[in-house]
Number of protein chains: 2
Amino acid sequence: MRIVVLAGGIGGARFLRGLKKAAPDADITVIGNTGDDIHLFGLKVCPDLDTVMYTLGGGINEEQGWGRTDETFKVKEELAAYGVGPEWFGLGDRDFATHIVRTQMLGAGYPLSAVTQALCERWQPGVRLIPMSDDRVETHVAVTVDGEQKAVHFQEYWVRLRASVDAHAIVPVGAEQAKPAPGVLEAIAEADVVLFPPSNPVVSVGTILAVPGIREAIADADVPVVGLSPIVGDAPVRGMADKVLAAVGVETSAAAVAEHYGSGLLDGWLVDSVDAGVVERVESAGIRCRAIPLMMTDVDAAAEMARQALALASEVRA
Amino acid sequence: MRIVVLAGGIGGARFLRGLKKAAPDADITVIGNTGDDIHLFGLKVCPDLDTVMYTLGGGINEEQGWGRTDETFKVKEELAAYGVGPEWFGLGDRDFATHIVRTQMLGAGYPLSAVTQALCERWQPGVRLIPMSDDRVETHVAVTVDGEQKAVHFQEYWVRLRASVDAHAIVPVGAEQAKPAPGVLEAIAEADVVLFPPSNPVVSVGTILAVPGIREAIADADVPVVGLSPIVGDAPVRGMADKVLAAVGVETSAAAVAEHYGSGLLDGWLVDSVDAGVVERVESAGIRCRAIPLMMTDVDAAAEMARQALALASEVRA
C-alpha cells in the first residue's frame with residue numbers, strides 16, 4: 001500500500017510513528033512543510049523536516065517533541081556571548097550539525113529535496129521524506145505589536161511571541177511561485193491513500209496545499225483522502241492552532257477544520273470521541289466522519305489512530 | 001609607544017601576551033596571518049587570528065595552545081555521524097560559534113577586517129588585531145604522496161599529514177593579488193618599532209610579507225625591526241618549521257632564518273642563549289644580534305623576551 005502523508009512538525013511526526021507501526025509494510029511518502037523554515041546565524045533551519053526525521057530516526061527529544069535528545073547548548077551560549085541572536089530559538093549543538101550540513105550542501109548547489117534525502121541516509125526514517133518544494137516559501141504572520149502592524153516570520157510569531165498577539169493574516173510568502181519538489185506530484189498520483197495527520201491545518205498542511213499543484217493533485221487523485229482533527233473539544237491538542245485558525249476566519253472546532261479543508265479535498269475525517277456530536281455536521285458537508293480517541297499519548301495510541309484512518313479510507317473507497 | 005607585530009598562531013600569541021605585560025601602555029597593532037585560513041563545513045575558519053584573539057582574550061586552551069578552553073565536540077561528532085568531514089580538523093562547539101558568526105558576517109558583506117574587529121569586541125584582546133588582508137590568500141604546500149605530486153592546503157599538510165612528507169614548495173595562493181587590509185600600512189608607517197615574534201618565518205611571518213606592500217612598508221619605515229628566532233639549537237621551538245624552511249631552501253638554524261629575512265628588513269635579531277655562537281655570523285650579515293633565553297615557558301618568560309626585543313630596538317635606533 002502506498003500512503004502519502006502531508007506533515008507538519010510534532011503532530012505529523014508522532015502520527016507517522018504510529019502509522020509505521022500500524023502499516024509496517026506500507027510504502028510511505030511524507031510531504032513535509034517547509035513554510036516554517038528559517039535562516040538563523042546564516043544557516044538554513046528546517047524545523048518540520050527535522051522533527052519528522054529525528055522522530056522517525058530515533059534522535060528526537062521525546063519530552064519537548066522537537067530537537068535532539070541528549071542535547072547541549074554550547075554553540076548557542078557562545079553566539080549569545082558574541083551578542084548574536086536570536087536567543088529565543090533553541091538550537092542545540094547536535095542540531096546545529098544538521099543545519100551546517102544542510103547549509104553546506106545547499107551552498108554547493110544541491111536542492112533541498114536532495115539535501116533532505118542525504119540527511120535521511122543517516123537517520124533512516126523508514127519513510128520517503130520530501131520537502132513540499134525546493135523553492136523558498138516562508139510563512140509570515142501579520143500582527144499588531146504596540147499599535148504597529150507588521151509581518152513577522154512564523155517562527156518569531158510562534159516561538160518568540162508564543163502566539164500571544166492576534167494574527168491578522170497568515171501569508172506563505174513565495175508559495176505562489178513555488179513548484180512542488182521532484183517526486184511530490186508523482187507520489188500523490190501513485191498513492192492508494194492520502195492522509196492529513198493532526199497537524200496544524202493552516203501553517204502546516206495549509207502551507208503544503210498552498211504550493212500550486214499539490215491541492216489540485218490531491219483533489220484530482222482518485223484515492224481516499226482522510227484527515228485527523230488537530231482540535232479536540234474546543235482547543236488544539238497542542239500548539240496554538242486556534243490563533244492561526246482565527247486569522248483565516250475558521251472557528252476552533254473539529255467540524256470547522258473539516259469544512260475548511262472541504263469535501264472537494266477530504267473524503268474522511270476523524271474527530272475525537274468528545275466531539276462525537278459533530279459527526280453529523282461533518283457528514284452533512286459531504287465528508288465521512290468517525291469519532292475515536294485522538295490523543296497520541298504513546299506510539300500505540302498513534303498507531304490505533306492510523307489504523308482507524310486507514311479503515312476509514314477503505315470505507316470511503318468501497 | 002606604537003608597536004606593530006606580525007603574528008602567526010601559537011608562538012605569536014604567546015609572545016604578544018608577554019609583550020602586553022612588558023609594555024602595558026604600548027599601543028599594539030597585530031597584523032595577523034590569514035594564509036592558513038580554511039573553509040570547513042561551509043564555514044570560514046581563521047586559525048591564527050583566533051589563536052591570537054583567544055590567547056589575549058583569556059579563552060584559549062592553554063595546554064594545546066589553540067582552540068577554546070572547556071571545549072566540547074558535539075557538533076563534530078554529529079558531522080561525523082552524517083559522514084561529513086574532515087575529521088582531522090578539531091573544531092569544538094565553542095569554537096564553531098566563532099566561525100558561524102564570522103561566516104554570517106562575511107556573507108552579509110563585511111570584510112574580514114571588520115568581522116575580526118567585531119569578534120574582538122567580545123574578546124577585548126588589548127591589541128588592535130588586523131588580518132594581513134581582506135582578500136583570500138591560502139597557503140598551499142606542494143608535496144609528493146605515494147609517488148604523486150600534488151598541492152594540499154597548508155592545514156592539510158600541517159594538521160592531517162603532520163608535515164610527515166617533504167614539502168617541495170610553499171605557495172601563498174592569491175597573495176600576489178591581495179591588498180593589505182585597511183589600517184595595515186598606516187600602522188606600519190606610524191610605528192615606533194616592528195617586531196617579528198618567534199612565529200614560523202615561512203608560513204606565518206613569510207605569508208604576511210608576501211602581501212604586496214607590507215614588506216616594502218616595513219623595509220621603508222624608518223623604525224627598528226627586531227625579530228626573535230623560532231629556532232633554538234637546530235630545531236623549531238614548536239611546530240615543524242624545519243619542514244617548511246627546507247622547502248624554501250633555508251637551513252634550520254637561528255642564523256639562517258635571520259639571513260632569510262635579511263638586513264634589508266631586519267635590524268635586530270634575538271637568538272637563544274644556546275645559539276650564542278651564531279651572534280657574530282648574524283651581525284656580519286648586518287643585523288644586530290643578542291643571545292638570550294628564548295623559551296616561552298610562561299608569561300613572565302615571554303615578557304622578558306619582549307623586553308629584550310624592545311631594548312634591542314632602542315639600541316639599533318640609537
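Convention: sequence-line order gives letters A, B, ...; per-chain numbering from 1.
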- Item | A/Thr69 (side chain) donor-acceptor with A/Asn61 (main chain) under 3.5 angstrom | no
- Note on the structure: Scanning both residues in full, the closest heavy-atom pair of A/Arg14 with A/Glu63 reads NH2-O, 4.4 Å
- Counting heavy-atom pairs under 4.5 Å with chain B, the top scorer among A/Thr98, A/Thr103, A/Leu43 is A/Thr98
- Query: Given a strict heavy-atom distance threshold of 4.5 Å, which part of A/Glu77 is in contact with chain B: side chain, backbone, both, or neither?
  - Reply: side chain
- Query: Taking all non-hydrogen atoms of both residues, which atom of A/Pro180 and which atom of A/Val211 are closest, and how far apart?
  - Reply: N-CG1, 3.7 Å
- Query: Looking at B/Glu121, B/Met105, B/Glu78, B/Gln104, which one has more heavy-atom pairs under 4.5 Å with chain A than the rest?
  - Reply: B/Glu78
- Which one of B/Lys74, B/Glu71, B/Arg122 has the most heavy-atom pairs closer than 4.5 Å to chain A? B/Arg122
- Message: As a quick check of understanding, evaluate salt bridge (charged side-chain N to carboxylate O under 4.0 Å, His left out) for B/Arg102 and B/Asp50, giving each step before the final call.
- Response: CA-CA 11 Å; B/Arg102 176 185 291 123; B/Asp50 289 348; 2.5 Å; yes
- Query: Between B/Asp70, B/Val84, B/Leu119, which shows the greatest number of heavy-atom pairs under 4.5 Å with chain A?
  - Reply: B/Leu119
- Message: With chain B as the partner, which of A/Arg68, A/His39, A/Lys76 has the greatest number of non-hydrogen pairs under 4.5 Å?
- Response: A/Arg68
- Message: Let's go through B/Lys179 and B/Asp135 carefully: what are the C-alpha distance in whole Å and the side-chain angles of both, what is the deciding distance for salt bridge (charged side-chain N to carboxylate O under 4.0 Å, His left out) to 0.1 Å, and is it a yes or a no?
- Response: CA-CA 7 Å; B/Lys179 291 180 297 298; B/Asp135 301 317; 3.6 Å; yes
